[in-house]
Amino acid sequence: MAVQSLVNVLVLSSIYIMVTLGFALVFSVAGILNLAHGAIYMMGGYVCYILWVTLGLNPWLSLLLTMLIMGLVGLFIERFSFRPCRGSFERILLISLAIILILETGINVTLGVTQKAIPDLVPGTVNVWGASVASTRLAALAISAALLIAVALFIQKSKLGQEMLAISQDAVGAVLQGIDINRVSALACAIGCALAGLAGGLMGSIFFLNPFMGGTMLVIACALVIMGGIGSIGGILPAGLILGAIIGTVPLFIGGHLTDAVAFGLVIVILLIRPRGLFGRET
Amino acid sequence: MRRMGKSAKLVSFVGLTVLLVTALLATACAAPVPAPPPAPAPAPAPTPAPPPAPKTLKIGVCEALTGFGSEGHVPIWDGEQLAAEWINERGGITINGQQYLIELVVEDGKGTVEGYVAAAKKLVLEHEVKFILGGIETPFHLAIQSVTEPAKVLRAVHYTCGIADELASHTPYTFNTGHSTVEGIFSSMAYLVEAYPEVKTLSMINPGDAAAPHLTDWATKEAEKHGLTVIDSNAWPFDIVDWYPFMTNVLATNPDGLIYSNGWPSHIGGMLKAARELGFTGPLAGANNISPFDALAIAGEEASTNYFANNWSLDTSLPDMPPMLKEMIQISNDKLGSCHPNAIWGWNAVWCMAQAIEHAQSLDPTEVADAWRNMDSMETLLGTAKMGGMEIFGVRQRVQVPMEIAGLWDGEVKHIKWVTLELD
């Protein structure tokens with residue numbers, strides 16, 4: 001059971017990290033608390049379902065196209081929803097809530113409320129150190145790890161990444177340095193939504209899809225970003241491992257229905273000890 | 001001869017005027033001189049009085065059209081609408097010669113306690129309905145009940161978990177026209193023993209609600225009757241997404257079989273998939289009704305085996321399929337393009353409520369409830385169902401609808417048998 005639990009924790013953490021990456025990028029870089037991230041993740045899952053299941057495209061191609069489509073959605077949302085409200089937290093909050101309602105209702109009305117599932121990305125199960133785990137979950141673990149490294153390298157090494165970092169540290173200063181804040185924010189949103197879409201497609205394969213599935217993941221994404229430290233992409237890794245460890249092991253000791261309460265109770269304790277998060281910047 | 005003075009003339013004039021007016025009035029009011037009676041005509045044939053125009057009977061519907069559980073409630077709403085149309089096409093409900101056509105008024109419970117309370121209040125206070133349909137999950141069932149019972153609104157619920165609060169002497173206006181988890185435990189446990197004699201130990205899986213300990217008690221007692229042992233009981237949170245951690249714990253005790261009490265297809269499909277991926281090959285028995293097709297879609301073909309519950313196979317090729325069920329499936333396919341198993345619950349609720357109202361020949365919920373309680377049986381999609389409920393609930397407010405045992409084997413939905421429990 002210990003080995004199975006360890007494998008469970010690693011896979012669960014990777015899922016949480018993958019879902020959170022896009023949210024963290026938009027929040028930390030563009031400074032937009034995009035509460036519609038969960039709904040975009042959900043929409044990405046359904047887009048992938050339509051491409052993969054309904055249209056019968058290749059699974060990997062479906063995931064790539066999902067990222068592209070959701071990236072375009074991200075550009076649209078940033079340009080016409082967030083950019084006009086930049087600087088106003090209340091307006092962005094309201095816009096995000098409106099996007100959630102529109103997307104959830106739209107999916108609910110057009111595709112129905114019946115749960116849908118995407119077939120396994122990689123069929124079968126694998127034995128890892130004596131523990132049994134679905135191959136799709138291991139694929140998600142690998143993809144998540146690769147994405148985390150890729151995003152971290154992108155931020156640290158690429159010109160666009162450095163511009164994003166500059167804006168997140170000091171937007172006014174970045175503008176004075178000649179950085180086009182609109183362009184960079186738009187690209188950050190596009191990348192963030194593309195990552196959310198990819199996560200939605202993978203989660204649809206591991207779990208299932210329903211129009212209201214974004215809420216739970218949004219809470220987890222917020223928790224990871226805050227726990228990891230606002231402004232720190234790398235902080236998501238230890239935050240994801242901590243939350244995954246808690247949620248993956250609490251059911252072993254106390255009732256499964258108490259998992260969420262205990263997990264987020266511990267998150268609060270961590271934040272009380274370290275208010276800026278594990279790797280957050282001093283303000 | 002004396003001449004008349006002025007005053008005398010005036011008096012005369014007035015008197016004459018009065019006399020003249022009186023005469024005129026008498027002439028106007030005088031009955032005409034009756035004409036001579038005509039020759040008697042033959043008596044006309046009596047024409048029947050035209051039937052009174054049909055009236056409308058509003059029946060409220062409280063379902064989760066969005067939010068938690070909507071995957072199961074939306075098809076129920078479809079079934080309710082189909083049943084109302086079917087009943088209206090056959091003349092509706094007749095009470096003391098007056099025809100009533102059913103009009104369903106739906107409010108969305110949104111899959112939350114507060115949503116259901118708000119929906120029920122709107123139906124009772126704004127729409128002023130006296131009859132309501134709806135209620136499955138324990139917390140939401142009780143939420144609706146908190147409104148309907150004090151208001152003395154008669155309610156047909158689709159399902160009960162079998163705990164006292166749901167259906168008892170203090171809920172005289174609540175009737176169960178579907179199934180209950182406790183009866184599901186009885187029938188599934190019996191089939192488990194019959195089909196899997198090697199299974200001796202069971203781990204019980206419940207949603208984390210108030211019904212969990214109660215249902216575990218029922219399952220433990222029933223298991224003992226069959227020579228089985230419930231070695232463990234685990235509860236999952238309503239918002240569970242990843243079943244791996246939970247199922248890892250469930251399987252840690254190495255049970256021969258698993259039995260779950262309640263859940264929607266996403267839950268059942270999720271736990272079945274996780275169990276199989278974690279290496280468990282034993283049977284998963286269920287105590288409630290869900291759509292096995294939806295569970296199959298979630299679990300995937302590879303994991304969908306050795307699972308059964310009181311499900312609906314909708315297999316119209318079965319020679320012993322109840323004719324009314326077959327007709328309903330056809331109607332649903334014709335009108336909606338498909339038929340979801342949960343529509344059976346919706347249809348039964350409307351049909352049973354209509355039969356109870358017509359049997360009572362009254363629109364007073366109290367009178368209908370009393371009449372319903374004293375009925376021997378009523379017609380349902382699965383055949384004639386006896387009234388009962390004393391053994392499990394202590395009140396005679398349960399329409400004991402026959403059940404089907406169906407499940408998933410080798411990635412397909414398969415019918416096993418029809419079951420009618422002999423309960424008081």
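Here is how names work: the chains are called A, B, and so on, in the same order as the sequence lines, proteins then strands, and each is numbered from 1. On a predicted model such as this, the values are computed, not experimentally measured, just so you know.
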Undergrad: Heavy-atom distances under 4.5 Å only: say whether B:Ser233 touches chain A with side chain, backbone, both or neither.
TA: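 When you check distances to chain A, no heavy atom of B:Ser233 falls under 4.5 Å.
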Undergrad: Taking atom CD1 of B:Ile205 and atom CG of B:Asn262, what is their separation to the nearest 0.5 Å?
TA: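 One finds 12.0 Å between CD1 of B:Ile205 and CG of B:Asn262.
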Undergrad: Could you check whether any side-chain N or O of B:Asn311 sits under 3.5 Å from a backbone N or O of B:Pro292, counting only pairs where one atom can act as donor and the other as acceptor?
TA: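 Side chain of B:Asn311 to backbone of B:Pro292, a donor-acceptor pair under 3.5 Å: no, none is there.
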Undergrad: Examine whether an atom of A:Ile206 lies under 4.5 Å from a heavy atom of chain B, and if so say whether it belongs to the side chain, the backbone or both; otherwise answer neither.
TA: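 Only the backbone of A:Ile206 comes within 4.5 Å of chain B.
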Undergrad: Regarding A:Asp120 and B:Lys273, does a basic nitrogen lie under 4.0 Å from an acidic carboxylate oxygen?
TA: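 A salt bridge is present here (some side-chain N lies under 4.0 Å from a carboxylate O).
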Undergrad: As an exercise: rank B:Gly67, B:Ala252, B:Gly269 by heavy-atom pairs under 4.5 Å with chain A and give me the winner.
TA: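 Top option by heavy-atom pairs under 4.5 Å: B:Gly67.
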Undergrad: So for B:Leu251, is it side chain, backbone, both, or neither that comes closer than 4.5 Å to the heavy atoms of chain A?
TA: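 Nothing of B:Leu251, per the 4.5 Å heavy-atom cut-off to chain A.
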Undergrad: Given that the side chain runs from C-beta out, which part of B:Asn234 has a heavy atom under 4.5 Å from chain A: side chain, backbone, both or neither?
TA: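 Contact with chain A involves no heavy atom of B:Asn234 at all.
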Undergrad: Do B:His73 and B:Trp264 have ring centroids that are under 6.0 Å from one another?
TA: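 Ring centroids of B:Trp264 and B:His73 are less than 6.0 Å from each other.
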Undergrad: Is chain B contacted by the side chain of A:Ser205, its backbone, both, or neither, given a heavy-atom distance below 4.5 Å?
TA: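 Interface part for A:Ser205: backbone (N, CA, C, O).
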Undergrad: Under 3.5 Å, side chain of B:Glu404 to main-chain N/O of B:Ser313, donor-acceptor pair present?
TA: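 Between the backbone of B:Ser313 and the side chain of B:Glu404 there is a qualifying donor-acceptor contact (under 3.5 Å).
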Undergrad: Counting only heavy atoms closer than 4.5 Å, note whether A:Thr125 contacts chain B via side chain, backbone, both or neither.
TA: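 The side chain, not the backbone.
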Undergrad: If we ignore hydrogens and angles and just use 3.5 Å, is the side chain of B:Asn342 paired with the main-chain N or O of B:Ile290 as donor and acceptor?
TA: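 It does not hold such a pair.
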Undergrad: Given a strict heavy-atom distance threshold of 4.5 Å, which part of B:Val241 is in contact with chain A: side chain, backbone, both, or neither?
TA: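 Both parts, heavy atoms under 4.5 Å.
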Undergrad: Of the backbone (N, CA, C, O) and the side chain (C-beta and beyond), which part of A:Leu209 lies under 4.5 Å from a heavy atom of chain B, both, or neither?
TA: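 Interface part for A:Leu209: neither.
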Undergrad: Identify whether the distance between the nearest side-chain nitrogen and carboxylate oxygen of B:Asp242 and A:Arg137 falls below 4.0 Å.
TA: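 Yes, B:Asp242 and A:Arg137 are salt-bridged.
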